[in-house]
Engineer: 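Take a look at the following structure, please.
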Amino acid sequence: MDFPVLTFILLAPVIGALISVFIPKEETGIIKAVAGVTTFFSLVLTIIAYYIYYTTNLATGGFAFTESIPWVTDLGVVYSLGVDGFSLPMLLLTTIIGFTSVYSKSWSVEKRAKEFYILLLILIAGVIGTFIARDLFIFFLFYEVVVIPIYIMVIIWGSGSKTKDVTKEYAGMKLTIYLLIGSAFLLAAMIWMYMQGADALGYPTFDIAKLATVQFSEQMQIILFGMMAFGFTCLLSMFPFHSWSPDGYAGAPTAVSMIHAGVLKKIGGYGLIRIGLFILPLGAKWWAPWIAIFAVANVVYAGLICFAQKDMKYVVGYSSVSHMGFVLIGVASMNIIGLNGAVANMFAHGVMSALFFSMVGYIYGVTKSRYIPDLGGLAHQMPRAATAFIIAAMASAGLPGLVSFVPEFTTFVGAFKEPSLMIPAIIALTGVVLGAVYVLRMVANVLFGPRKEEWDHVQDLKGSYMIPVVVLVIFIVGFGVFPSFLMDMVNSGIQPIAAKMVQATTAAAGQIGGNL
């Protein structure tokens, strides 16, 4: 396809940010409209690309809409973009949440709105870039672009917590330090792999597909995958490197919480599978039991912590950490069913958590409280917001007919196929029960009960604040009722990665047998 659709999807938010620079800061409505139009443009183009790929490329798989322009030729860096059945759902997730985050209520954004939306658009473009890059250098470049806007947005427009001694400055710094530590390990592994790949291939390249053809030794794969896994799982908030995540959610303004939980974490899962498993399959196989152990800790520990939280954002934040345990269980299975479940879970959690944080942000915006004991009975005054809140809660609990059910089921089917994962998978299943209990408990305490007159002044969702609800609910229900639109797409992208895992494992076993 000659039309550079991916570049247009990537540049739309950047162009929006550049246009906003020249708009007077007093024109908040125009600045917000520019952000809405440019992110909507990216969303529409992504939906078109998703439809075209689903109808024409699903059977054959592989990358589509590819673009390749040499950039730093001496180092082998190429501006190389492309999407397949794995990256397209992640791109769709990013553009959905990017668009809806513009219209989510963030009371703190009323001041310095111009700077906020410029940084938000840069953040969205950075996340888009990580999911469409086929060059490891370009991937890492966009990964680094994401970190700085988040820090600035948290410390300027964020908020503290009534239940914890956590300021927005502390949350922003903690988040940034964890992400930078993880990126340092990623950078070291990337440079090492690049140098070894250049020696093996005879020319320098950061191309992910070409690096996957290099026969790294098993010992080197174990070391490299361990370094990459540390970097990516810090971003994914794997236990015990998760503590930055709930604080980051609580400290961030609503739009940033949506992007943070919805797509930023998914970069960690995407990189772990796309780069780690695909290039270093033997290293992934060696680390799989450890990933499973930490995954169980994610699910159970974070799930139990949710019961002790009084701040709504912390409940949703620790719930997100728990849900990432399901993703890690799927990754640890190392088979196509489990990996399909892991990727689909990333998408499902993204849209669900975005709706959750959008509603928490709206409630906070009109009541100025996230403290659960202060609230109660809000469904009387806010029926539309309450309905959206309940849909998000039911999706979090894995209710059949909503987007999370089939991905979670698929993840555990893949886990149970591996005898070594039987016990971790059984323990992790308790997280499904825990999740249902703590979200229903929050719903009951926030929305139901006697009407409180102190909240009679609050207004229900209306106008542009309905946009996030309508868009996110469409995908939560749509992919829940018709899961094949998501699962078939994911399967086409995961098949080559799973096949590489099988091929590498079989070759290694054959080599050991030959030596014996």
Side-chain angles (χ1 to χ4, degrees), residues 90 92-102 104-106 120 123-124 126-127 130-131 146-147 149-150 153-154 158-159 161 171-172 174-175 178-179 232-238 241-270 298-299 302-303 305-306 309 311-328 345-364 370 388-389 391-393 395-397 403-404 407 435 438-439 442 468 471-472 475-476:
M90 297 297 101
L92 178 62
L93 176 65
T94 305
T95 53
I96 291 169
I97 297 176
F99 171 63
T100 55
S101 67
V102 172
S104 293
K105 188 174 184 63
S106 297
L120 181 66
L123 174 61
I124 292 168
V127 178
T130 61
F131 291 131
V146 168
V147 177
I150 280 193
M153 295 170 83
V154 170
S159 59
S161 174
K174 187 176 182 179
L175 180 156
Y178 267 84
L179 295 189
F232 285 129
T233 55
C234 274
L235 184 56
L236 194 65
S237 64
M238 182 180 77
F241 314 111
H242 67 284
S243 62
W244 64 271
S245 183
D247 289 339
Y249 293 145
T254 301
V256 178
S257 293
M258 292 172 67
I259 293 174
H260 183 179
V263 291
L264 182 64
K265 279 187 174 184
K266 310 314 181 288
I267 298 174
Y270 178 83
N298 263 66
V299 172
I305 290 293
C306 286
Q309 304 307 308
D311 186 319
M312 285 192 291
K313 269 199 170 183
Y314 272 99
V315 175
V316 182
Y318 278 104
S319 170
S320 294
V321 174
S322 182
H323 276 82
M324 290 305 97
F326 297 143
V327 173
L328 289 167
N345 257 306
M346 290 195 287
F347 182 93
H349 175 264
V351 289
M352 173 271 293
S353 62
L355 181 59
F356 235 148
F357 275 114
S358 179
M359 292 303 96
V360 170
Y362 185 83
I363 292 172
Y364 181 50
R370 300 193 309 250
F389 196 94
I391 291 173
S396 177
V403 68
S404 299
Y438 62 67
V439 294
M442 182 170 66
V471 174
L472 292 169
F475 285 97
I476 288 173

Engineer: Is there side-chain contact between Ile96 and Phe475, with at least one heavy-atom pair below 4.5 Å?
Structural biologist: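 When only atoms from C-beta onward are counted, Phe475 and Ile96 do touch, with a gap below 4.5 Å.
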
Engineer: I would like to know whether Lys313 and Phe356 meet side chain to side chain contact (heavy atoms under 4.5 Å, CB included); could you show each step before the answer?
Structural biologist: CA-CA 9 Å; Lys313 269 199 170 183; Phe356 235 148; over 6 Å; no

Engineer: Going from CG on Leu472 to OG on Ser358, what distance comes out if it is rounded to the nearest 0.5 angstrom?
Structural biologist: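 Atom-to-atom, Leu472:CG and Ser358:OG are 7.0 Å apart.
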
Engineer: Between Met352 and Ile476, what is the shortest heavy-atom contact and its length?
Structural biologist: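 What the structure gives for the nearest pair is CA-CD1, 4.1 Å.
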
Engineer: Can you name the side chain to side chain donor-acceptor pair (under 3.5 Å) partners of Tyr362, sequence neighbours left out?
Structural biologist: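 If we apply the side chain to side chain donor-acceptor pair (under 3.5 Å) test to Tyr362, skipping adjacent residues, there are no hits.
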
Engineer: Hey, what do you get for OH (Tyr178) to CG (Leu235), rounding to the nearest 0.5 Å?
Structural biologist: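 Spacing of OH (Tyr178) from CG (Leu235) equals 13.5 Å.
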
Engineer: Would you find a donor on one side and an acceptor on the other, under 3.5 Å apart, between the side chain of Lys266 and the backbone of Ala261?
Structural biologist: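 Flag set: sc Lys266 to bb Ala261 pair under 3.5 Å.
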
Engineer: Taking the side chain as every heavy atom from C-beta outward, state whether Val127 and Ile97 have any pair of such atoms under 4.5 Å apart.
Structural biologist: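 No, side chains not in contact.
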
Engineer: Test side chain to side chain contact (heavy atoms under 4.5 Å, CB included) on Cys234 and Leu179 and set out the steps.
Structural biologist: CA-CA 7 Å; Cys234 274; Leu179 295 189; 5.8 Å; no

Engineer: Indicate the atoms forming the closest heavy-atom contact of Val439 with Ser396, along with that distance.
Structural biologist: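 Taking every non-hydrogen atom into account, CG1-OG, 3.7 Å.
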
Engineer: Check for a donor-acceptor pair, side chain of Ser104 on one end and backbone N or O of Thr100 on the other, with a separation under 3.5 Å.
Structural biologist: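 A pair under 3.5 Å: yes.
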
Engineer: Nearest 0.5 Å please: distance from the OG1 atom of Thr233 over to the CG atom of Leu328.
Structural biologist: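 Reported to 0.5 Å precision, the distance equals 7.5 Å.
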
Engineer: Check whether any side-chain heavy atom of Phe357 sits under 4.5 Å from a side-chain heavy atom of Met312, and report yes or no.
Structural biologist: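 Answer no - side chains too far apart.
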
Engineer: Quick one: closest heavy-atom pair of Pro149 and Leu123, and the distance?
Structural biologist: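 Answer, listing the atom of Pro149 first, then Leu123: CB-CB, 4.2 Å.
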
Engineer: Spell out, as yes or no, whether a donor-acceptor pair under 3.5 Å connects the side chain of Asn345 to the backbone of Phe326.
Structural biologist: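 No: the side chain of Asn345 does not pair with the backbone of Phe326.
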
Engineer: For the residue pair Lys265 / Ser320, report whether a side-chain donor-acceptor contact shorter than 3.5 Å exists.
Structural biologist: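 No pair is found: no donor N or O on one side chain lies under 3.5 Å from an acceptor on the other.
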
Engineer: With a 4.5 Å heavy-atom cut-off, do Phe131 and Leu93 have their side chains touching?
Structural biologist: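 When only atoms from C-beta onward are counted, Leu93 and Phe131 do not touch, as no gap falls below 4.5 Å.
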
Engineer: Between CG of Asp311 and OH of Tyr364, what distance do you get to the nearest 0.5 Å?
Structural biologist: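 Here the rounded value is 8.5 Å.
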
Engineer: Does the side chain of His349 pick up a donor-acceptor pair with the side chain of Ser404 at under 3.5 Å?
Structural biologist: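 The criterion, which ignores hydrogens and geometry beyond distance, is not satisfied for Ser404 and His349.
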
Engineer: One pair to check against side-chain hydrogen bond (donor to acceptor under 3.5 Å, both in side chains): Tyr438 and Ser319. What are the steps and the verdict?
Structural biologist: CA-CA 9 Å; Tyr438 62 67; Ser319 170; 3.2 Å; yes

Engineer: Hey, does the side chain of Asn298 reach the backbone of Ser237 with a donor-acceptor pair shorter than 3.5 angstrom?
Structural biologist: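 Answer holds: yes.
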
Engineer: Applying side chain to side chain contact (heavy atoms under 4.5 Å, CB included), run through His323 and Val299 and close with a yes or a no.
Structural biologist: CA-CA 6 Å; His323 276 82; Val299 172; over 6 Å; no

Engineer: For Ser353, which residues count as a side chain to side chain donor-acceptor pair (under 3.5 Å) partner, sequence neighbours excluded?
Structural biologist: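 Expected list: none.
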
Engineer: In Å and rounded to the nearest 0.5 Å, what is the OG to NE2 distance from Ser257 to His260?
Structural biologist: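 Result: 8.0 Å between the selected atoms.
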
Engineer: Could you pull out the closest heavy-atom pair between Val360 and Phe389, with the gap in Å?
Structural biologist: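 Nearest heavy atoms, Val360 then Phe389: CG2-CE1, 4.0 Å.
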
Engineer: Which heavy-atom pair separates Leu264 from Val146 by the least distance, and what is that distance?
Structural biologist: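 Heavy-atom minimum between the residues: CD1-CG1, 3.1 Å.
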
Engineer: Identify the two heavy atoms, one from Phe347 and one from Met90, that lie closest to each other, and give their separation to 0.1 Å.
Structural biologist: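 For Phe347 versus Met90, the nearest heavy atoms are N-CE, 3.9 Å.
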
